[in-house]
Q: 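Here it is: the structure, laid out below.
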Amino acid sequence: MSFLKFSHAIILTLASTLPLISHAALDKNEREIVKQVDKNIPQALKEIEQAVNINSGSLNIEGVKKVGALTSEQLKAIGFKVEWLDGSAFNRAGHVLATFESKNPDAIKILMIGHLDTVFAKHDDFTTYKQLDADTASGPGVADMKGGNTIIITALKSLQALNLLENVSIKVILTGDEESSGRPLSLSKQAIVDAAMWADVALGFENGDNNIKTAMAARRGYTGWTLNVSAAAAHSSQIFSDNVGYGAIYEASRILNSFREQLATQPNLTFNPGLIVGGTNTDYDSANSSATAFGKSNVIAQTVHIAGDLRALSPKQFENAKRSMQLIASNSLNGSKAELIFEDGYPPMALTDGNKKLLALYSDCRCKRSVTNTGYKYQPLTNNLKPFIDTKYNHTMT
């Protein structure tokens with residue numbers, strides 16, 4: 001099972017911060033770690049199912065808190081000091097922060113990152129865990145990222161059972177607003193920024209490109225955008241005329257299609273309109289990602305609202321894309337006007353030498369562990385960084 005193999009690799013990576021790795025076959029300590037992981041896997045699978053069956057869409061405050069309470073108890077049981085960081089100041093549920101401090105002042109400091117929320121709202125039809133076959137399960141957030149959270153906890157349980165936690169200081173942060181960040185960002189991201197400043201090494205446990213043979217050592221940045229279009233309302237028989245123009249829906253269509261024509265071929269750049277509403281009257285509720293509209297087929301649309309995102313690999317690529325999108329939006333059709341607004345987001349994560357070294361360490365650990373019918377064999381990690389891949393919606397765990 002891939003979950004099992006990934007757990008082994010992650011725990012050996014953590015253990016490699018201790019004096020355990022021989023860069024050859026598994027040594028005695030590592031074999032004990034693998035045995036302990038195998039022992040913990042059945043309980044881990046039960047914990048994934050339990051978490052997945054709690055709806056925790058970002059705006060389902062009660063649900064996110066329930067998942068937070070579940071993980072908090074699991075972390076407390078292995079000796080972590082656990083805090084619930086209330087998120088009411090940034091309009092979200094909050095975060096779990098768990099800390100284990102080594103008595104060794106020189107111990108390496110590791111940050112382990114997960115999140116409690118999912119993209120699936122409370123009213124979504126996709127609500128329950130389902131075992132598809134012996135090795136595969138599906139469910140809301142099973143990979144992104146309740147499976148990742150369970151790997152964190154299973155790794156720590158395994159090290160704790162072998163008395164290996166004392167050699168390292170660890171913080172675990174499970175945020176409650178990863179899929180839909182609370183505002184202001186200065187408050188919603190404060191805990192993870194503080195933890196990152198504290199740590200020597202940070203490991204994120206989201207499923208990346210959903211391929212166990214790859215790991216992500218760089219990542220695109222993100223920002224949201226809103227396009228508001230207005231135009232003169234008139235009878236549909238007057239559309240395209242000089243005194244009325246093209247209406248809001250044609251103008252919005254022109255802008256979106258121009259985005260696609262001019263920017264879609266740029267490597268590593270994506271921009272996605274995720275919500276659109278248009279008509280004579282519209283109401284867009286950005287806080288709840290919902291909208292309503294009234295319009296008639298014989299009336300030229302007066303307003304359109306579109307919400308989307310923009311992802312880029314470098315600050316320069318971000319700025320160039322924003323500039324191009326603003327220029328497109330400003331070149332309005334007759335009788336219409338468009339306003340393009342970019343939100344605060346998060347910056348790209350550059351590919352650094354430190355990230356490359358950490359990737360190599362993970363690869364070395366994974367080479368050591370591959371479960372087969374005949375025992376252990378080397379299975380190298382493909383060093384495909386895939387820095388531009390972030391497949392949020394592939395919610396199947398194998």
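Count residues from 1 along the sequence.
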Q: So that I know where these two stand, are His95 and Phe90 an aromatic pair - ring centroids less than 6.0 Å apart?
A: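 Ring centres of Phe90 and His95 closer than 6.0 Å.
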
Q: One thing to verify: whether Glu101 and Lys81 come together as a salt bridge, which I'm taking to mean a side-chain N less than 4.0 angstrom from a carboxylate O.
A: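 No, no charged N to carboxylate O under 4.0 Å.
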
Q: Working note: Ser290 + Asn288, criterion side chain to side chain donor-acceptor pair (under 3.5 Å); need CA distance, chi angles, decisive distance, verdict.
A: CA-CA 5 Å; Ser290 63; Asn288 293 300; 5.3 Å; no

Q: State plainly whether the residues Lys65 and Glu62 are in salt-bridge range, i.e. N to O under 4.0 Å.
A: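 Answer for the salt bridge query: no.
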
Q: Is there a side chain to side chain donor-acceptor pair (under 3.5 Å) between Asp86 and Ser88? Walk through the geometry before answering.
A: CA-CA 6 Å; Asp86 182 70; Ser88 57; 2.4 Å; yes

Q: State whether a side-chain donor-acceptor pair under 3.5 Å links Glu179 with Thr118.
A: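 Result is no, nothing qualifies.
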
Q: Give the cluster check for Phe318 versus Leu313: same hydrophobic cluster or not, with ILVMFWY residues linked at side-chain heavy-atom distances below 4.5 Å.
A: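 No, because Phe318 and Leu313 fall into different hydrophobic clusters, even though each may have its own neighbours under 4.5 Å.
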
Q: Grouping I, L, V, M, F, W and Y whenever their side-chain heavy atoms are under 4.5 Å apart, do Val82 and Val64 come out in a common cluster?
A: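 In one cluster: yes.
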
Q: Output yes when Lys76 and Glu73 qualify as a salt bridge under the 4.0 Å nitrogen-oxygen rule, no when they do not.
A: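 A salt bridge is present here (some side-chain N lies under 4.0 Å from a carboxylate O).
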
Q: Quick check against the 3.5 Å criterion: does Asn149 have a side-chain atom that pairs as donor or acceptor with the backbone of Leu174?
A: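 Side chain of Asn149 to backbone of Leu174: no pair is present.
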
Q: For Asn53 and Thr128, does a side-chain donor sit closer than 3.5 Å to a side-chain acceptor?
A: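 Short answer, no.
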
Q: Assess the side chains of Ser241 and Asn243: does a donor N or O sit below 3.5 Å from an acceptor N or O?
A: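 Yes.
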
Q: More than 12 non-hydrogen atoms from neighbouring residues, nucleotides or ligands closer than 6.0 Å to CG on Asp125, yes or no?
A: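 Count not over threshold, so no.
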
Q: For Ser336, does its backbone N or O pair with a side-chain atom of Glu251 as donor and acceptor, under 3.5 Å?
A: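 A pair under 3.5 Å: no.
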
Q: Could you tell me whether the side chains of Asp144 and His115 share a donor-acceptor contact shorter than 3.5 Å?
A: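 His115 and Asp144 do have a side-chain donor-acceptor pair below 3.5 Å.
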
Q: Describe, in one word, how the ring planes of Phe126 and Phe120 are oriented to each other, choosing from parallel (under 30°), tilted (30 to 60°) and perpendicular (over 60°).
A: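 Geometry flag for Phe120 against Phe126: perpendicular rings.
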
Q: How about Asp133: does its CG atom have over 12 heavy atoms from other parts shown lying under 6.0 Å from it?
A: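 Count over threshold, so yes.
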
Q: Quick one: does any side-chain atom of Asn207 pair with a main-chain N or O of Gly148 as donor and acceptor, under 3.5 Å?
A: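 Answer holds: no.
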
Q: So does Glu32 get a backbone contact from the side chain of Gln36, meaning a donor-acceptor N/O pair under 3.5 Å?
A: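 Such a contact is absent between Gln36 side chain and Glu32 backbone.
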
Q: Any side-chain heavy-atom pair from Ser324 and Leu327 closer than 4.5 angstrom?
A: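 The answer is no, as the side chains (C-beta and beyond) never meet within the 4.5 Å cut-off.
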
Q: If we ignore hydrogens and angles and just use 3.5 Å, is the side chain of Ser158 paired with the main-chain N or O of Thr154 as donor and acceptor?
A: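 Yes; at least one donor-acceptor contact below 3.5 Å.
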
Q: When you compare the side chain of Lys109 with that of Val201, does any pair of heavy atoms fall below 4.5 Å?
A: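 No - every pair of side-chain heavy atoms lies 4.5 Å or more apart.
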
Q: Kindly state each residue pair satisfying salt bridge (charged side-chain N to carboxylate O under 4.0 Å, His left out) with at least one member in residues 299-310, sequence neighbours excluded.
A: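 Salt bridge (charged side-chain N to carboxylate O under 4.0 Å, His left out) check on residues 299-310 returns Asp309-Arg311.
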
Q: Does any non-hydrogen side-chain atom of Ile170 lie less than 4.5 Å from one of Thr99?
A: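 No, too far: nothing below the 4.5 Å cut-off.
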
Q: May I ask you to decide whether Asp177 forms a salt bridge with Lys189, counting only side-chain N to carboxylate O separations under 4.0 Å?
A: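 Here Asp177 pairs with Lys189 in a salt bridge, since their nearest N and O are under 4.0 Å apart.
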
Q: When you measure from the side chain of Ser102 to the backbone N and O of Ala107, does any donor-acceptor pair fall under 3.5 Å?
A: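 Pair absent, no side-chain N/O of Ser102 close to backbone of Ala107.
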
Q: Using only atom types and a distance under 3.5 Å, with no angle test, would you say the side chain of Gln317 pairs donor to acceptor with the backbone of Pro267?
A: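 A pair under 3.5 Å: yes.
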
Q: Can you find a pair of side-chain heavy atoms, one from Leu162 and one from Ile33, that are under 4.5 Å apart?
A: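 Sidechains of Ile33 and Leu162: in contact.
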
Q: Taking atom types as modelled, is there a side-chain donor on Lys146 or Ser56 under 3.5 Å from an acceptor on the other?
A: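 Yes - a donor-acceptor pair under 3.5 Å links their side chains.
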
Q: Side-chain contact test, heavy atoms from C-beta onward, threshold under 4.5 Å: evaluate it for Ile306 versus Leu256 and give yes or no.
A: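 The answer is yes; the side chains approach within 4.5 Å.
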
Q: Could you check whether any side-chain N or O of Ser258 sits under 3.5 Å from a backbone N or O of Arg254, counting only pairs where one atom can act as donor and the other as acceptor?
A: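 Checking the backbone N and O of Arg254 against the side chain of Ser258, a donor-acceptor pair under 3.5 Å is found.
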
Q: Would a single hydrophobic cluster contain both Trp84 and Leu75, if residues Ile, Leu, Val, Met, Phe, Trp and Tyr are joined by side-chain heavy-atom contacts under 4.5 Å?
A: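 Same hydrophobic cluster.
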
Q: Exactly one of Thr175, Leu70, Thr71 should register a side chain to side chain contact (heavy atoms under 4.5 Å, CB included) with Leu116. Which one does?
A: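 Of Thr175, Leu70, Thr71, side chain to side chain contact (heavy atoms under 4.5 Å, CB included) with Leu116 is met by Thr71 alone.
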
Q: Scan side-chain atoms only and decide if Ser314 and Arg220 contain a donor-acceptor pair under the 3.5 Å cut-off.
A: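 Note: Ser314 and Arg220 side chains miss the donor-acceptor criterion.
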
Q: Is the backbone of Ser181 close enough, under 3.5 Å, to the side chain of Arg183 for a donor and an acceptor to pair up by distance?
A: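 Yes.
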
Q: Could you report the tightest heavy-atom contact between Leu85 and Ala191, atom names first, then the distance?
A: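 The answer is CD1-CB, 3.6 Å.
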
Q: With sequence neighbours left out, which residue pairs that include part of residues 47-60 fulfil the salt bridge (charged side-chain N to carboxylate O under 4.0 Å, His left out) condition?
A: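 For residues 47-60: Glu47-Lys157.
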
Q: Assess whether side chain to side chain donor-acceptor pair (under 3.5 Å) is satisfied between Thr303 and Thr282, documenting all intermediate values.
A: CA-CA 7 Å; Thr303 60; Thr282 61; 2.9 Å; yes

Q: Counting N and O atoms only, with roles assigned by atom type, does the side chain of Gln326 sit under 3.5 Å from a partner on the main chain of Leu340, one being a donor and the other an acceptor?
A: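 Side chain of Gln326 to backbone of Leu340, a donor-acceptor pair under 3.5 Å: yes, one is there.
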
Q: In a check of side chain to side chain donor-acceptor pair (under 3.5 Å) between His305 and each of Thr226, Asn228, Asp283, which one passes?
A: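 That would be Asn228; it is the only one of Thr226, Asn228, Asp283 passing the side chain to side chain donor-acceptor pair (under 3.5 Å) with His305.
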
Q: What's the shortest heavy-atom distance between Leu269 and Ala312, and which atoms?
A: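 What the structure gives for the nearest pair is CD1-CB, 3.9 Å.
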
Q: Would you say that Val277 contacts Val304 through its side chain, given a criterion of any heavy-atom pair below 4.5 Å between the two side chains?
A: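 Result no, sub-4.5 Å side-chain heavy-atom pair not found.
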
Q: For a 4.5 angstrom cut-off between non-hydrogen side-chain atoms, does Phe80 reach Val96?
A: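 Not touching, per the 4.5 Å side-chain cut-off.
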
Q: Are any non-hydrogen side-chain atoms of Phe100 and Val172 less than 4.5 angstrom apart?
A: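 No - every pair of side-chain heavy atoms lies 4.5 Å or more apart.
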
Q: For Lys130 and Ser138, does a side-chain donor sit closer than 3.5 Å to a side-chain acceptor?
A: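 No, because no side-chain N or O of Lys130 sits under 3.5 Å from a partner of the opposite role on Ser138.
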
Q: Where does the angle between the aromatic ring planes of Phe259 and Trp225 fall among parallel (under 30°), tilted (30 to 60°) and perpendicular (over 60°)?
A: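 The rings of Phe259 and Trp225 stand perpendicular, inter-plane angle above 60°.
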
Q: Distance alone, cut at 3.5 Å: any donor-acceptor contact between the side chains of Arg92 and Ser180?
A: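 Result is yes, a qualifying pair exists.
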
